[in-house]
2 protein chains.
Amino acid sequence: MTEKLKISRTDDAYERLRAEIRTNSLSPGYQAPEAEYAMRLGMSRTPVREALIRLEAEGLVELKPRRGARVLPIKAEDMQEIYELLKAIEPEAAAELAQRGLEDADRRALQKALDGMRVALAAKDLDAWAKADDQYHVSLLEAAGNQRRKAFVMHLYDQAHRARIITLRLREMPEKSTEEHAQILDLLCRGEADKVRVVFREHRERAARELLGILDTFRLQQL
Amino acid sequence: MTEKLKISRTDDAYERLRAEIRTNSLSPGYQAPEAEYAMRLGMSRTPVREALIRLEAEGLVELKPRRGARVLPIKAEDMQEIYELLKAIEPEAAAELAQRGLEDADRRALQKALDGMRVALAAKDLDAWAKADDQYHVSLLEAAGNQRRKAFVMHLYDQAHRARIITLRLREMPEKSTEEHAQILDLLCRGEADKVRVVFREHRERAARELLGILDTFRLQQL
DNA sequence: GAACGCGTCAATGTATGCATTAAAAAATTT
DNA sequence: AAATTTTTTAATGCATACATTGACGCGTTC
């Protein structure tokens, strides 16, 4: 009895394109006319067009009149922008959450994600680690409430996803990061709003610094 | 020689609908089938549909399958969410800007907006005041850089616009607010990053408190 | 050989038609 | 009269057609 309500072609196109972009299966900078996307997806231009409009609104694609849809590459400055925003938003969300105190379910969700990170780390499975990391952050956003915040941050993650996956492989295992997550969870549980804000912010600052450093040393102009 | 490059119907529909929603000329909660919007705008469903998809992505409209497009009403919780985000984002932008030091052009833009607020205040012209206020915040975002931040904050403004306009009329003249803007500009010029962050944050906190208070006392469940 | 004009082509922007299907209304049963 | 089934209606989701128009190549002019 799997929830199998029929999905519209527009939604299907949206999901598939988004997935392809995230996984780099559609390379950054790839550009093609609508008709081509439509053919690849096996549907007419109409739903593809609608999906592309959404993807454009979410910053994954650029619709250039008469030249087709282009998968937006991520440059260092983009990552800069994204981290700047995350740095402002997420620590604040964490602080609010700590202030209010977290539900049991929320704590469990965060703990589970954290466990996932540790297991992945031990197994040196970076994809699993990235997934658990995502899960952690999403759980935190959900626990903190604020639909708009969650939606927006998730769009930022989407944009940054490719770069994160790639750079993750160009450095040592994210042990430090994992433990920072543990520390944040601990502070959340203890309701240390101010402290969690500071720690989270430092966490993001370090992550940004590292990531930008990698992009620089490896001369990765764009991903 | 007015910039009159031809605008597509889709863009036209988007602009017009957005304007109608912002100005309350399309009331919150208004719901109609695509065909009706299309007729009112004098075009076929296709471009209207595309415009509606964008408006949905920006949080102004909800597309309910088979029931038409609904202009989203703003409730107190929505304003809560929006101010929570502004509180996290804008002070940080201001702090960055102060840190970096502002260009002369930026300073002038901010000063001009501030003057506009003062003039409007003296003339008791609330619409003009709101416009100058917007101008101030937009100038600040532009000066601070970060495209994504600017775009996102502007979408938040769009969502909140109706409520702000209405509540503005239900309270005394925004003198305090105007002077806070002056203070912020002053701190920006002097490069007082930490101080400007604090002051701006307090500014937003006060604004949120006032606005929510008004919604409450006037029993405005939704706008 | 650079600049310009022109014709071709391809891609979009938009209108339109129609099958599908959720919702509403009507009819029927209990 | 309530519940259930059937019928009708209306709105969408999508495909398709086509006019428009920017991009590009080619030849012509200076």
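Below, chain A is the first sequence line, B the second, and so on; all start at residue 1.
- Of all the residues in residues 41-60 of chain B, Arg45(B), Arg49(B) reach under 4.0 Å from DNA chain D with at least one non-hydrogen atom.
- Scored by the side chain to side chain contact (heavy atoms under 4.5 Å, CB included) test, Lys131(A) finds no partners at all (sequence neighbours excluded).
- We find that OH of Tyr37(A) is positioned 15 Å from C1' of dT12(C), with the value rounded to whole Å.
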Please tabulate, one pair per line, each protein N/O and nucleotide N/O from nucleotides 19-23 of chain D that are separated by under 3.5 Å, including the distance.
residue, atom, partner, partner atom, Å
dT21(D), OP1, Lys6(B), NZ, 2.6
dT21(D), O2, Arg66(A), NH1, 3.4
dG22(D), O4', Arg66(A), NE, 3.4

Check: residues 208-219 of chain B side-chain donor-acceptor pairs under 3.5 Å, at least two apart:
residue, atom, partner, partner atom, Å
Glu210(B), OE1, Arg171(B), NH1, 2.7
Glu210(B), OE2, Arg206(B), NH1, 2.5
Thr217(B), OG1, Gly213(B), O, 3.1
Thr217(B), OG1, Ile214(B), O, 3.2
Arg219(B), NE, Asp216(B), O, 3.4

Acceptor/donor pairs from residues 97-113 of chain A side chains to any protein atom, 3.5 angstrom cut, sequence neighbours excluded:
residue, atom, partner, partner atom, Å
Arg100(A), NH1, Ala143(A), O, 3.3
Arg100(A), NH2, Ala144(A), O, 2.9
Gln111(A), NE2, Asp115(A), OD1, 3.0

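- Among pairs with a residue in residues 19-53 of chain A, those fulfilling ring pair (Phe, Tyr, Trp, His ring centres under 6.0 Å) read Tyr30(A)-Tyr37(A), at least two apart in sequence or across chains.
- Here the P atom of nucleotide dA11(C) and the CE atom of Met39(A) are 11 Å apart, to the nearest Å.
- Scored by the side chain to side chain contact (heavy atoms under 4.5 Å, CB included) test, Arg9(B) finds Met43(B), Pro47(B) as partners (sequence neighbours excluded).
- In terms of the side chain to side chain contact (heavy atoms under 4.5 Å, CB included) criterion, residue partners of Ala160(A) (sequence neighbours excluded) are, by chain and number, Met79(A), Ile82(A).
- Using a 4.0 Å cut-off between a side-chain N of Lys or Arg and a carboxylate O of Asp or Glu, Glu96(B) and Arg149(B) qualify as a salt bridge.
- Straight-line distance from the CD atom of Glu36(A) to the C1' atom of dT12(C): 15 Å, rounded to whole Å.
- Distance CD (Glu34(A)) to P (dA11(C)): 11 Å, rounded to an integer number of Å.
- Ser27(B) pairs by the side chain to side chain contact (heavy atoms under 4.5 Å, CB included) definition with nothing, not counting sequence neighbours.
- Spacing between atom CZ of Arg70(B) and atom C1' of dA11(D) amounts to 18 Å, rounded to whole angstrom units.
- Distance CG (Asp12(A)) to P (dG13(D)): 14 Å, rounded to an integer number of Å.
- Using a 4.0 Å cut-off, some side-chain N or O of Thr10(A) falls inside it from OP1 or OP2 of dC14(D).
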